[in-house]
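A short worksheet on the structure shown next.
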Amino acid sequence: MTTPIYDFTGKFALVTGATGGMGRAITAALGAAGATVMATDIADRGDLPGAAAFTSADVSDPDQVAALVASTVERFGGLHFAVNAAAIEFETVPLADCSDDDFDRMMNVNTRGAFLCMKHEIAAMLTAGGGSIVNIASTNSVRPQHDQPAYTASKHAVLGLTRSAALDYARRGIRVNAICPGAIDTPMLRTAMERRGRDADDVAHRLSPLGRFGRPDEIAAAVLWLCSDASSFTTGHALAIDGGMLAS
Ligand SMILES: NC(=O)c1ccc[n+]([C@@H]2O[C@H](COP(=O)([O-])OP(=O)(O)OC[C@H]3O[C@@H](n4cnc5c(N)ncnc54)[C@H](O)[C@@H]3O)[C@@H](O)[C@H]2O)c1
(Lines give C-alpha, C1' and ligand atoms only; values in the text may rest on other atoms or scores of the structure.)
Protein backbone atom coordinates (compact mmCIF):
# COMPACT_ATOMS: atom_id res chain seq x y z
CA MET A 1 0.00 0.00 0.00
CA THR A 2 3.07 2.25 -0.09
CA THR A 3 2.35 5.38 -2.08
CA PRO A 4 5.30 6.43 -4.23
CA ILE A 5 5.15 10.11 -3.32
CA TYR A 6 8.94 10.36 -3.35
CA ASP A 7 11.06 10.74 -6.43
CA PHE A 8 14.32 8.87 -5.90
CA THR A 9 15.32 8.91 -9.55
CA GLY A 10 19.13 8.94 -9.76
CA LYS A 11 19.50 7.62 -6.20
CA PHE A 12 21.35 4.38 -5.50
CA ALA A 13 20.26 2.21 -2.60
CA LEU A 14 21.40 -0.96 -0.83
CA VAL A 15 18.96 -3.15 1.11
CA THR A 16 20.17 -6.05 3.29
CA GLY A 17 17.84 -8.86 4.34
CA ALA A 18 16.11 -8.11 1.05
CA THR A 19 14.39 -11.47 0.57
CA GLY A 20 12.83 -11.29 4.06
CA GLY A 21 9.42 -9.90 4.93
CA MET A 22 10.43 -6.28 5.51
CA GLY A 23 13.41 -6.23 3.15
CA ARG A 24 11.21 -7.31 0.27
CA ALA A 25 8.66 -4.54 0.95
CA ILE A 26 11.44 -1.96 1.39
CA THR A 27 13.11 -3.01 -1.87
CA ALA A 28 9.78 -2.79 -3.71
CA ALA A 29 8.95 0.63 -2.24
CA LEU A 30 12.37 2.13 -2.99
CA GLY A 31 12.25 0.73 -6.53
CA ALA A 32 8.70 2.07 -7.06
CA ALA A 33 9.92 5.51 -5.94
CA GLY A 34 12.58 5.44 -8.65
CA ALA A 35 15.69 4.38 -6.72
CA THR A 36 18.13 1.91 -8.25
CA VAL A 37 18.30 -0.84 -5.64
CA MET A 38 20.99 -3.40 -4.94
CA ALA A 39 19.22 -6.10 -2.95
CA THR A 40 21.24 -8.51 -0.87
CA ASP A 41 20.54 -11.48 1.38
CA ILE A 42 22.17 -14.71 2.47
CA ALA A 43 19.10 -16.51 1.09
CA ASP A 44 18.36 -17.04 -2.59
CA ARG A 45 16.88 -14.14 -4.51
CA GLY A 46 13.63 -15.53 -5.93
CA ASP A 47 11.23 -12.99 -7.35
CA LEU A 48 12.16 -9.57 -5.94
CA PRO A 49 10.17 -6.61 -7.29
CA GLY A 50 12.00 -3.28 -7.21
CA ALA A 51 15.52 -4.75 -7.27
CA ALA A 52 17.81 -3.59 -10.08
CA ALA A 53 20.37 -6.19 -9.02
CA PHE A 54 20.92 -8.88 -6.39
CA THR A 55 24.10 -10.00 -4.65
CA SER A 56 24.23 -12.88 -2.23
CA ALA A 57 26.22 -12.01 0.91
CA ASP A 58 26.52 -12.88 4.59
CA VAL A 59 26.44 -9.60 6.55
CA SER A 60 28.55 -11.09 9.34
CA ASP A 61 31.47 -11.73 6.97
CA PRO A 62 33.78 -8.70 6.60
CA ASP A 63 35.12 -9.70 3.19
CA GLN A 64 31.68 -10.37 1.76
CA VAL A 65 30.33 -7.04 3.05
CA ALA A 66 33.33 -5.13 1.69
CA ALA A 67 32.89 -6.82 -1.70
CA LEU A 68 29.13 -6.20 -1.66
CA VAL A 69 29.44 -2.45 -1.11
CA ALA A 70 32.37 -2.15 -3.51
CA SER A 71 30.48 -3.96 -6.28
CA THR A 72 27.38 -1.84 -5.63
CA VAL A 73 29.36 1.38 -5.99
CA GLU A 74 31.19 0.05 -9.03
CA ARG A 75 27.98 -1.05 -10.73
CA PHE A 76 25.80 1.98 -9.90
CA GLY A 77 28.43 4.73 -9.50
CA GLY A 78 27.69 5.59 -5.88
CA LEU A 79 25.57 4.95 -2.81
CA HIS A 80 22.97 7.32 -1.31
CA PHE A 81 20.66 5.14 0.80
CA ALA A 82 21.31 2.00 2.82
CA VAL A 83 18.74 -0.02 4.73
CA ASN A 84 20.16 -2.65 7.05
CA ALA A 85 17.37 -5.16 7.71
CA ALA A 86 19.20 -8.51 7.85
CA ALA A 87 18.93 -10.25 11.21
CA ILE A 88 18.12 -13.54 12.92
CA GLU A 89 15.94 -14.40 15.93
CA PHE A 90 15.63 -17.88 17.38
CA GLU A 91 15.53 -17.61 21.17
CA THR A 92 13.13 -19.19 23.64
CA VAL A 93 15.12 -19.15 26.91
CA PRO A 94 16.26 -16.61 29.55
CA LEU A 95 19.88 -15.52 29.93
CA ALA A 96 21.28 -18.28 32.16
CA ASP A 97 20.09 -20.86 29.62
CA CYS A 98 21.45 -19.00 26.59
CA SER A 99 24.43 -20.90 25.16
CA ASP A 100 27.65 -19.06 24.42
CA ASP A 101 27.38 -20.16 20.81
CA ASP A 102 23.84 -18.84 20.46
CA PHE A 103 24.87 -15.52 21.97
CA ASP A 104 27.79 -15.24 19.54
CA ARG A 105 25.67 -16.23 16.55
CA MET A 106 23.05 -13.59 17.35
CA MET A 107 25.61 -10.84 17.95
CA ASN A 108 27.56 -11.80 14.83
CA VAL A 109 24.64 -11.40 12.46
CA ASN A 110 22.56 -8.70 14.14
CA THR A 111 25.20 -6.41 15.64
CA ARG A 112 28.45 -7.17 13.85
CA GLY A 113 26.48 -7.39 10.61
CA ALA A 114 25.04 -3.91 11.14
CA PHE A 115 28.49 -2.60 12.12
CA LEU A 116 30.20 -4.04 9.05
CA CYS A 117 27.49 -2.82 6.68
CA MET A 118 27.48 0.68 8.17
CA LYS A 119 31.25 0.89 8.04
CA HIS A 120 31.39 0.27 4.31
CA GLU A 121 28.19 2.15 3.51
CA ILE A 122 29.43 5.25 5.32
CA ALA A 123 32.73 5.19 3.42
CA ALA A 124 30.84 4.98 0.13
CA MET A 125 28.42 7.74 1.13
CA LEU A 126 31.24 10.08 2.10
CA THR A 127 32.54 9.67 -1.43
CA ALA A 128 29.05 10.33 -2.85
CA GLY A 129 28.77 13.54 -0.79
CA GLY A 130 26.28 12.26 1.77
CA GLY A 131 23.44 9.84 2.30
CA SER A 132 20.92 8.28 4.62
CA ILE A 133 21.22 5.03 6.54
CA VAL A 134 18.22 3.29 8.09
CA ASN A 135 18.88 0.45 10.50
CA ILE A 136 16.00 -1.87 11.24
CA ALA A 137 16.31 -2.25 15.00
CA SER A 138 13.36 -3.37 17.17
CA THR A 139 11.11 -2.37 20.04
CA ASN A 140 13.50 -4.79 21.80
CA SER A 141 16.12 -2.06 21.33
CA VAL A 142 14.39 -0.19 24.13
CA ARG A 143 12.00 -2.66 25.79
CA PRO A 144 12.74 -6.40 25.92
CA GLN A 145 10.28 -9.23 25.50
CA HIS A 146 10.73 -12.32 27.69
CA ASP A 147 13.29 -14.99 26.81
CA GLN A 148 15.22 -13.01 24.20
CA PRO A 149 18.45 -12.02 26.00
CA ALA A 150 20.86 -12.13 23.06
CA TYR A 151 18.38 -10.72 20.53
CA THR A 152 17.57 -7.88 22.92
CA ALA A 153 21.26 -7.13 23.51
CA SER A 154 21.99 -7.29 19.79
CA LYS A 155 19.17 -4.83 19.02
CA HIS A 156 20.14 -2.44 21.84
CA ALA A 157 23.59 -2.40 20.25
CA VAL A 158 22.14 -1.60 16.82
CA LEU A 159 20.58 1.50 18.35
CA GLY A 160 23.95 2.38 19.91
CA LEU A 161 25.67 2.09 16.54
CA THR A 162 22.92 4.21 14.98
CA ARG A 163 23.24 7.04 17.50
CA SER A 164 27.02 6.97 17.54
CA ALA A 165 27.32 7.16 13.75
CA ALA A 166 24.61 9.84 13.58
CA LEU A 167 26.72 11.99 15.87
CA ASP A 168 30.00 11.37 14.07
CA TYR A 169 28.68 11.98 10.55
CA ALA A 170 26.03 14.65 11.17
CA ARG A 171 28.26 17.38 9.74
CA ARG A 172 29.44 15.26 6.86
CA GLY A 173 26.09 14.84 5.15
CA ILE A 174 25.11 11.43 6.42
CA ARG A 175 21.98 10.91 8.50
CA VAL A 176 21.64 7.66 10.43
CA ASN A 177 18.34 6.56 11.93
CA ALA A 178 16.74 3.42 13.28
CA ILE A 179 13.25 2.04 12.90
CA CYS A 180 11.96 0.04 15.85
CA PRO A 181 9.28 -2.27 14.49
CA GLY A 182 6.79 -3.87 16.83
CA ALA A 183 5.16 -7.13 15.77
CA ILE A 184 5.21 -7.10 11.98
CA ASP A 185 3.71 -9.93 9.95
CA THR A 186 6.80 -11.52 8.38
CA PRO A 187 8.34 -15.00 8.25
CA MET A 188 10.46 -14.08 11.32
CA LEU A 189 7.38 -13.34 13.44
CA ARG A 190 5.40 -16.34 12.15
CA THR A 191 8.33 -18.71 12.85
CA ALA A 192 8.84 -17.24 16.34
CA MET A 193 5.15 -17.72 17.23
CA GLU A 194 5.23 -21.28 15.94
CA ARG A 195 8.40 -22.04 17.93
CA ARG A 196 6.79 -20.72 21.10
CA GLY A 197 3.38 -22.27 20.40
CA ARG A 198 1.65 -18.89 20.49
CA ASP A 199 -1.70 -17.98 18.98
CA ALA A 200 -1.44 -15.15 16.41
CA ASP A 201 -4.58 -13.28 17.54
CA ASP A 202 -3.47 -13.45 21.14
CA VAL A 203 0.00 -12.11 20.28
CA ALA A 204 -1.41 -9.31 18.14
CA HIS A 205 -3.72 -8.14 20.92
CA ARG A 206 -1.09 -8.49 23.63
CA LEU A 207 1.64 -6.64 21.74
CA SER A 208 -0.30 -3.93 19.95
CA PRO A 209 -2.92 -1.49 21.23
CA LEU A 210 -4.09 -1.36 17.59
CA GLY A 211 -4.92 -5.05 17.98
CA ARG A 212 -3.20 -6.29 14.85
CA PHE A 213 0.21 -7.01 13.40
CA GLY A 214 1.93 -4.33 11.38
CA ARG A 215 2.47 -4.89 7.67
CA PRO A 216 5.91 -4.78 6.01
CA ASP A 217 4.72 -1.93 3.75
CA GLU A 218 4.07 0.15 6.88
CA ILE A 219 7.76 -0.19 7.71
CA ALA A 220 8.73 0.57 4.09
CA ALA A 221 6.73 3.82 4.20
CA ALA A 222 8.83 5.02 7.14
CA VAL A 223 12.05 3.94 5.41
CA LEU A 224 11.16 6.12 2.41
CA TRP A 225 10.54 9.10 4.68
CA LEU A 226 13.87 8.59 6.48
CA CYS A 227 15.73 8.31 3.17
CA SER A 228 14.07 11.40 1.73
CA ASP A 229 14.76 15.08 2.30
CA ALA A 230 11.39 15.25 4.05
CA SER A 231 13.28 14.02 7.14
CA SER A 232 16.29 16.31 6.62
CA PHE A 233 16.44 17.41 10.30
CA THR A 234 16.11 13.87 11.66
CA THR A 235 19.20 11.91 12.64
CA GLY A 236 20.08 9.56 15.48
CA HIS A 237 16.37 8.89 15.92
CA ALA A 238 14.70 5.63 16.93
CA LEU A 239 11.31 5.60 15.22
CA ALA A 240 8.87 3.12 16.72
CA ILE A 241 6.42 1.65 14.23
CA ASP A 242 4.71 -0.62 16.68
CA GLY A 243 0.94 -0.13 16.76
CA GLY A 244 1.40 1.69 20.06
CA MET A 245 3.35 -1.07 21.86
CA LEU A 246 5.92 1.21 23.47
CA ALA A 247 3.24 3.64 24.61
CA SER A 248 1.36 0.97 26.52
N1 LIG B 1 8.97 -9.20 12.22
C2 LIG B 1 8.99 -8.58 13.37
O3 LIG B 1 8.00 -8.62 14.12
C4 LIG B 1 10.19 -7.76 13.78
C5 LIG B 1 10.06 -6.95 14.92
C6 LIG B 1 11.13 -6.13 15.28
C7 LIG B 1 12.27 -6.12 14.52
N8 LIG B 1 12.38 -6.90 13.41
C9 LIG B 1 13.60 -6.78 12.61
O10 LIG B 1 13.23 -6.43 11.29
C11 LIG B 1 14.25 -6.87 10.39
C12 LIG B 1 13.62 -7.64 9.23
O13 LIG B 1 13.05 -8.82 9.78
P14 LIG B 1 11.84 -9.62 9.12
O15 LIG B 1 10.76 -9.67 10.11
O16 LIG B 1 11.60 -9.12 7.74
O17 LIG B 1 12.51 -11.07 9.13
P18 LIG B 1 12.82 -12.10 7.96
O19 LIG B 1 13.36 -13.30 8.66
O20 LIG B 1 11.64 -12.25 7.08
O21 LIG B 1 13.99 -11.37 7.14
C22 LIG B 1 15.32 -11.31 7.60
C23 LIG B 1 16.23 -11.57 6.42
O24 LIG B 1 17.60 -11.49 6.86
C25 LIG B 1 18.32 -12.48 6.16
N26 LIG B 1 19.54 -12.86 6.86
C27 LIG B 1 19.65 -13.60 7.99
N28 LIG B 1 20.93 -13.78 8.31
C29 LIG B 1 21.66 -13.14 7.36
C30 LIG B 1 23.05 -12.98 7.15
N31 LIG B 1 23.96 -13.51 7.97
N32 LIG B 1 23.45 -12.26 6.08
C33 LIG B 1 22.54 -11.73 5.22
N34 LIG B 1 21.21 -11.84 5.36
C35 LIG B 1 20.78 -12.55 6.43
C36 LIG B 1 17.35 -13.66 6.05
O37 LIG B 1 17.72 -14.55 5.02
C38 LIG B 1 16.03 -12.95 5.80
O39 LIG B 1 15.74 -12.85 4.42
C40 LIG B 1 15.23 -7.68 11.23
O41 LIG B 1 16.31 -6.85 11.57
C42 LIG B 1 14.43 -8.02 12.47
O43 LIG B 1 15.25 -8.26 13.58
C44 LIG B 1 11.37 -7.75 13.04
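Each ligand, and each atom within it, is numbered from 1 in the order the structure gives. Small disclaimer: the values here were computed from a predicted structure and weren't measured.
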With a 4.0 Å cut-off on heavy atoms, does Gly113 reach ligand 1?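 No, that is not the case, since the closest heavy atom of the residue is not under 4.0 Å from the ligand.
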Using heavy-atom distances only, which candidate in [options] approaches [atom] most closely?
atom	options	answer
atom 9 (C) of ligand 1	Ala25, Ser154, Ala137	Ala137
atom 18 (P) of ligand 1	Arg112, Arg24, Met188	Met188
atom 27 (C) of ligand 1	Ala87, Cys117, Ala86, Pro187	Ala87

For [Y], is there an ion pair with [X] - N to carboxylate O distance below 4.0 angstrom?
X	Y	value
Arg195	Glu89	yes
Glu218	Arg212	yes
Arg215	Asp185	no

Heavy-atom contacts with [X] under 4.0 Å: which atoms of ligand 1 show up? List them by number with element.
X	value
Thr19	39 (O)
Ile136	9 (C), 10 (O), 11 (C), 41 (O)
Asp58	30 (C), 31 (N), 32 (N)
Ala43	37 (O)
Gly182	2 (C), 3 (O), 4 (C), 5 (C), 6 (C)
Ala57	32 (N), 33 (C)
Ala183	3 (O)
Ile88	27 (C), 28 (N)

Would you mind checking which non-hydrogen protein atom is closest to [atom], with the distance to 0.1 Å?
atom	value
atom 20 (O) of ligand 1	Gly21 N, 2.9 Å
atom 43 (O) of ligand 1	Tyr151 OH, 2.7 Å
atom 38 (C) of ligand 1	Asp41 OD2, 3.5 Å
atom 16 (O) of ligand 1	Met22 N, 2.9 Å
atom 11 (C) of ligand 1	Ala85 O, 3.2 Å
atom 21 (O) of ligand 1	Gly20 CA, 3.3 Å
atom 35 (C) of ligand 1	Ile42 CG2, 3.6 Å

For ligand 1, which is the ligand I care about here, please tell me if [X] has any N or O atom under 3.5 Å from one of the ligand's N or O atoms.
X	value
Val109	no
Gly23	no
Pro181	no
Thr186	yes
Ser138	no
Ser60	no

[X] side, atom [atom1]; [Y] side, atom [atom2] - distance, nearest 0.5 Å:
X	Y	atom1	atom2	value
Arg24	Asp41	CZ	CG	9.0 Å
Cys180	Leu246	SG	CG	7.0 Å
Asn177	Ser132	CG	OG	6.0 Å

Do other residues, nucleotides or ligands put more than 12 heavy atoms under 6.0 Å from the CG atom of Asp229?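 Open.
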Other residues, nucleotides and ligands only: do more than 12 of their heavy atoms fall within 6.0 Å of CG on Asp100?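 No, because the 6.0 Å sphere around CG of Asp100 holds 12 heavy atoms or fewer from other groups.
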Side chains of Gln145 and Leu207 in contact at under 4.5 Å (non-hydrogen atoms):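 Contact flag for Gln145/Leu207 side chains = yes.
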Donor-acceptor pair between Thr139 and Asp242 side chains, under 3.5 angstrom: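 No, Asp242 and Thr139 have no side-chain donor paired with an acceptor closer than 3.5 Å.
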Check whether Phe90 forms a cation-pi arrangement with Arg105 (NZ or CZ under 6.0 Å from the six-membered ring centre, at most 45° off the ring normal).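 Flagged: Arg105 positioned over aromatic ring of Phe90.
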Closest contact, heavy atoms only, Leu79 versus Met125: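 The pair with the smallest heavy-atom distance is O-CG, 3.4 Å.
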Out of the candidates Ser141, Pro144, Ser138, only one should pair with Thr152 under the side-chain contact (heavy atoms from CB on, under 4.5 Å) rule; please name it.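 So, applying the side-chain contact (heavy atoms from CB on, under 4.5 Å) to Thr152 and each of Ser141, Pro144, Ser138, only Pro144 qualifies.
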When you look at Asp7 and Thr9, which way does the side chain to side chain donor-acceptor pair (under 3.5 Å) test go after all the steps? CA-CA 6 Å; Asp7 182 4; Thr9 307; 2.4 Å; yes
Verdict with reasoning, Phe8 to Ser228, per side chain to side chain contact (heavy atoms under 4.5 Å, CB included): CA-CA 8 Å; Phe8 292 151; Ser228 78; 3.8 Å; yes
[X] contact mode with ligand 1 (heavy-atom cut-off under 4.0 Å):
X	result
Glu89	neither
Ala18	neither
Phe213	neither

Decide yes or no on side chain to side chain contact (heavy atoms under 4.5 Å, CB included) for Phe103 and Ser154, but give the supporting numbers first. CA-CA 9 Å; Phe103 181 82; Ser154 76; over 6 Å; no
